[in-house]
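Let me give you the structure first, and then I'll get to my questions.
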Amino acid sequence: MSTIVKSKIATAVFEHRQQIKKWFDEKFAEYPASFYCSVDIRDSGEKIAPVDCNLFPAGFNNICEYDLEASPAIFRKQIEKMAKLHSIKVPEKILIVPENHTENKFYLENLYYLKSIIEEAGFDTAFGRYETNCESNPQTLELTSHSEKKIVEHTLKKVDGVLQTYTGFIPDWVLLNNDFSQGYPECLDGVVQPIFPTYKLGWHSRKKSTHFEFYNQLALEFSKVIELDPWHITIESKAVPGINFNEDVGLDRLITTAETILTRLQKEHEQRGIARKPALFIKNDAGTYGIGIMVIESIDELRKMNRRTKNKMSTGKNKSVIDQVLVQEGVPTLMTTEGHTAEPVIYMMAEELIGGFIRANSERSDMDNLNSQGMFFKKLCFKDLSDSLKAKKTTEFPEDFPTLEAVYGVVGKLSALAAAMEIKQAIGAKK
């Protein structure tokens with residue numbers, strides 16, 4: 001079934017490639033893309049859809065060498081395009097503000113590769129570290145990544161609205177690689193340089209439910225363009241606010257919402273001849289790092305939650321309180337690698353696909369959250385989607401057409417466009 005659906009979508013993408021390009025061009029002109037993002041995708045065989053979109057991706061070290069080599073040219077092109085769209089000058093210097101992870105050596109590996117890409121694209125780059133709202137004493141922190149690569153971070157200060165390092169690095173642009181799940185430092189307010197992506201959509205305020213509202217809206221419109229049943233690329237999602245698992249507040253509304261969606265999914269499965277029992281993800285609506293997630297196949301699992309489960313669902317990253325959850329259609333994954341459950345993760349630089357990787361997990365099933373204990377990564381080399389749509393043949397589906405890139409690529413691009421709509425809504429970005 002998976003091959004049939006992927007082939008159906010890929011054929012539709014190929015046959016409507018000119019309309020697709022025009023549609024995306026017009027949409028991204030109206031909604032300028034985020035600087036970058038990563039998209040987790042699930043492919044069940046019957047459905048291929050995103051299950052998460054991260055505006056501050058932290059896995060550049062997992063992208064394959066082929067795509068890393070092609071990335072600097074894409075970064076350069078998209079940065080120049082972003083400057084034009086935002087009516088600002090093309091930068092010469094870019095400051096990266098990372099997470100304050102000094103012990104996570106894999107995250108440091110990510111920083112090394114991100115900096116390398118930007119430098120190879122022709123920009124002077126440095127890391128700026130904030131401590132206590134950019135008011136810490138001048139210091140330089142030398143860190144070592146998993147593969148012994150050196151990362152040097154300089155503390156930040158703000159002078160007359162200009163964000164800079166204490167060593168005198170004054171950037172033209174500021175690039176965030178920090179999701180600010182516990183809030184952002186106030187010193188970012190009033191900074192005169194452009195900041196990408198906006199800190200206003202860190203996990204302190206961003207909601208996954210908003211993303212999926214925009215995504216499903218776009219997927220429905222896109223499906224009309226390529227004449228596809230939208231069910232294959234949409235994912236049912238509903239936010240439930242006012243939740244407190246430890247005090248049993250709002251659980252009645254959560255149960256009602258979950259029961260309604262589960263019943264609807266069961267009818268859909270029966271009509272489509274899908275034997276598998278539907279499931280739901282209950283996840284933190286403002287979270288990341290795979291924290292605050294549970295999977296259910298029966299409403300009784302919510303009614304009979306034990307104290308351990310309630311505690312797990314009460315706090316997110318950095319012990320942030322979970323007070324709103326997203327009830328989302330569970331999409332199992334058919335992908336495996338080395339016999340283990342896996343899923344593709346797509347990386348976007350603005351409007352363009354730059355690559356991705358496979359997240360696998362030796363301890364989880366095909367319906368579980370794979371971003372958890374037991375996960376590991378494998379390289380997944382992608383050609384740029386624009387190249388995928390430049391096949392010479394125009395009257396038939398070419399044998400060498402890259403089906404995987406075309407299918408996962410357009411789903412990733414739709415999610416990136418939904419993120420762009422989030423940004424415009426949050427900051428009122430002008431065309």
Side-chain angles (χ1 to χ4, degrees), residues 1-12 39-52 208-209 212 215-216 219-220 223 228-238 240 254-283 290 293-305 309 313 325-346 358-372 374-375 403-404 407-408 410-412 414-415:
M1 178 66 78
S2 179
T3 301
I4 295 173
V5 170
K6 274 202 283 281
S7 179
K8 181 187 296 185
I9 298 173
T11 301
V39 183
D40 296 357
I41 292 177
R42 283 293 183 106
D43 179 355
S44 71
E46 296 88 6
K47 185 182 287 282
I48 302 172
V51 292
D52 202 6
K208 294 176 186 286
S209 53
F212 287 104
Y215 171 81
N216 284 327
L220 288 170
S223 295
L228 176 78
D229 178 356
W231 184 85
H232 291 303
I233 59 173
T234 53
I235 180 167
E236 187 155 355
S237 307
K238 179 72 173 178
V240 182
L254 172 59
I255 289 170
T256 298
T257 299
E259 189 168 31
T260 299
I261 295 176
L262 204 56
T263 300
R264 189 157 54 238
L265 291 177
Q266 182 61 54
K267 291 180 179 178
E268 189 74 45
H269 278 212
E270 292 172 358
Q271 292 172 0
R272 293 179 179 272
I274 300 171
R276 181 167 186 148
K277 189 176 181 180
L280 296 177
F281 272 72
I282 313 295
K283 59 177 75 171
I293 297 177
M294 64 183 294
V295 185
I296 66 166
E297 292 185 347
S298 166
I299 298 302
D300 283 343
E301 294 176 65
L302 286 178
R303 293 193 178 106
K304 300 177 181 179
M305 273 190 295
T309 300
M313 293 298 296
V325 295
L326 179 70
V327 181
Q328 189 168 69
E329 174 183 358
V331 181
T333 176
L334 286 187
M335 180 179 283
T336 60
T337 182
E338 299 177 4
H340 302 298
T341 308
E343 64 188 6
V345 180
I346 308 302
I358 295 172
R359 177 190 290 118
N361 197 305
S362 60
E363 301 178 14
R364 296 293 184 266
S365 74
D366 62 353
M367 185 57 85
D368 287 333
N369 166 42
L370 303 188
N371 188 9
S372 56
M375 69 176 171
T403 302
L404 189 68
V407 175
Y408 294 159
V410 294
V411 170
L414 284 169
S415 189

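What you are looking at is a predicted structure, and each value in this text was computed from that prediction instead of being measured.
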Rounded distance (nearest 0.5 Å) linking atom CD of Glu259 with atom OG of Ser298
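Between atom CD of Glu259 and atom OG of Ser298 there are 9.5 Å.
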Exercise. For residues 332-342, pull every pair meeting salt bridge (charged side-chain N to carboxylate O under 4.0 Å, His left out), keeping only residues two or more places apart or in separate chains.
Key: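 Listed by first then second residue: Glu338-Lys378.
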(Q) Would Glu301 and Thr309 count as a side-chain contact (heavy atoms from CB on, under 4.5 Å) here? Give the steps. (A) CA-CA 10 Å; Glu301 294 176 65; Thr309 300; over 6 Å; no
- Task: Please name the pair of heavy atoms, one in Val325 and one in Leu254, separated by the smallest distance, quoted to 0.1 Å.
- Result: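 What the structure gives for the nearest pair is CG2-CD1, 3.9 Å.
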I'd like to check Asp229 versus Lys8 (side-chain heavy atoms, cut-off strictly below 4.5 Å). Are they in contact?
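No - every pair of side-chain heavy atoms lies 4.5 Å or more apart.
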What is the distance from atom CD1 of Ile9 to atom CG of Leu228, rounded to the nearest 0.5 Å?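 Rounded to the nearest 0.5 Å, the CD1-CG separation comes out at 5.5 Å.
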Report task. Determine, stepwise, if the pair Met335 / Leu370 fulfils side-chain contact (heavy atoms from CB on, under 4.5 Å). Result -> CA-CA 12 Å; Met335 180 179 283; Leu370 303 188; over 6 Å; no
- Query: Is there side-chain contact between Met294 and Met313, with at least one heavy-atom pair below 4.5 Å?
  - Reply: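 Touching, per the 4.5 Å side-chain cut-off.
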Next on the checklist: Nearest 0.5 Å, please: how far is OG1 in Thr333 from CD1 in Ile48?
Outcome noted: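 If we round to the nearest 0.5 Å, Ile48:CD1 and Thr333:OG1 are 10.0 Å apart.
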- State, to 0.1 Å, how close Pro344 and Tyr408 come at their nearest heavy-atom pair, and which atoms those are.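 Closest pair (atom of Pro344, atom of Tyr408, distance): CG-CE1, 3.8 Å.
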Is there a side-chain contact between Asn369 and Val295 (heavy atoms, below 4.5 Å)?
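No, their side chains stay 4.5 Å or more apart.
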I'd like to know if the side chain of Thr234 reaches the main chain of Asn216, judged simply by a donor and an acceptor atom lying under 3.5 Å from each other, with no hydrogens or angles considered.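 No, Thr234 side chain to Asn216 backbone: no donor-acceptor pair under 3.5 Å.
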Practice task
Output all residues satisfying ring pair (Phe, Tyr, Trp, His ring centres under 6.0 Å) with His232, sequence neighbours left out; order by chain, then residue number.
Solution key: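 Partners of His232 by the ring pair (Phe, Tyr, Trp, His ring centres under 6.0 Å) criterion come out as none, since no residue qualifies.
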Closest approach of Lys238 and Ile261, non-hydrogen atoms and distance?
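Where Lys238 meets Ile261 most closely, the heavy atoms are CB-CD1, 3.8 Å.
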- Interatomic spacing from OG1 in Thr341 to CG in Leu334 - rounded to 0.5 Å: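 Reported value, rounded in 0.5 Å steps: 10.5 Å.
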request  = Evaluate the side-chain proximity of Phe281 to Val51: yes if any heavy-atom separation is below 4.5 Å, no if none is.
outcome  =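 No, too far: nothing below the 4.5 Å cut-off.
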Over all atoms of both residues, closest heavy-atom pair of Pro332 and Gly330: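 Nearest heavy atoms, Pro332 then Gly330: CD-O, 3.6 Å.
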query = Looking at CG of Leu326 and CD1 of Ile293, how far apart are the two atoms once the value is rounded to the nearest 0.5 Å?
reply =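 Rounded to the nearest 0.5 Å, the CG-CD1 separation comes to 10.0 Å.
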### Task
Give the intermediate values and the outcome of side-chain contact (heavy atoms from CB on, under 4.5 Å) for residues Met367 and Lys277.
CA-CA 11 Å; Met367 185 57 85; Lys277 189 176 181 180; over 6 Å; no
*What closest approach, in Å, do Glu236 and Leu265 show between heavy atoms, and which atom pair accounts for it?*
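Shortest heavy-atom contact: OE1-CD2, 4.0 Å.
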Discussion item. Arg42: which residues meet the side-chain hydrogen bond (donor to acceptor under 3.5 Å, both in side chains) condition with it, sequence neighbours left out?
Written reply: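 With neighbours one apart ignored, the set is Glu343.
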Discussion item. Quick one, Ser223 and Trp231 - any side-chain contact, counting heavy atoms below 4.5 Å?
Written reply: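 No; the side chains remain at least 4.5 Å from each other.
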Listing request: all salt bridge (charged side-chain N to carboxylate O under 4.0 Å, His left out) pairs with a residue in residues 360-370, at least two apart in sequence or in separate chains.
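As it turns out, the salt bridge (charged side-chain N to carboxylate O under 4.0 Å, His left out) pairs with a partner in residues 360-370, which skip direct neighbours, are Arg276-Asp366.
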* Tell me, please, which residues at least two apart from Glu297 pass salt bridge (charged side-chain N to carboxylate O under 4.0 Å, His left out). =>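 Not a single residue meets the salt bridge (charged side-chain N to carboxylate O under 4.0 Å, His left out) criterion with Glu297.
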* **Ser237 and its side-chain contact (heavy atoms from CB on, under 4.5 Å) partner, picked from Lys208, Lys283, Gln328** =>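 The passing option is Gln328.
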Distance (rounded to the nearest 0.5 Å) between Arg272 CZ and Lys267 NZ
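The CZ atom of Arg272 sits 15.0 Å away from the NZ atom of Lys267.
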Q.
I'd like to check the salt bridge (charged side-chain N to carboxylate O under 4.0 Å, His left out) partners of Glu329; sequence neighbours left out, ordered by chain and number.
A.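 Listed in chain order: Lys47.
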Problem set entry | Minimum heavy-atom distance between Leu220 and Pro230, given as atom pair plus value |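 Smallest heavy-atom distance, with atoms named: CD2-CB, 3.6 Å.
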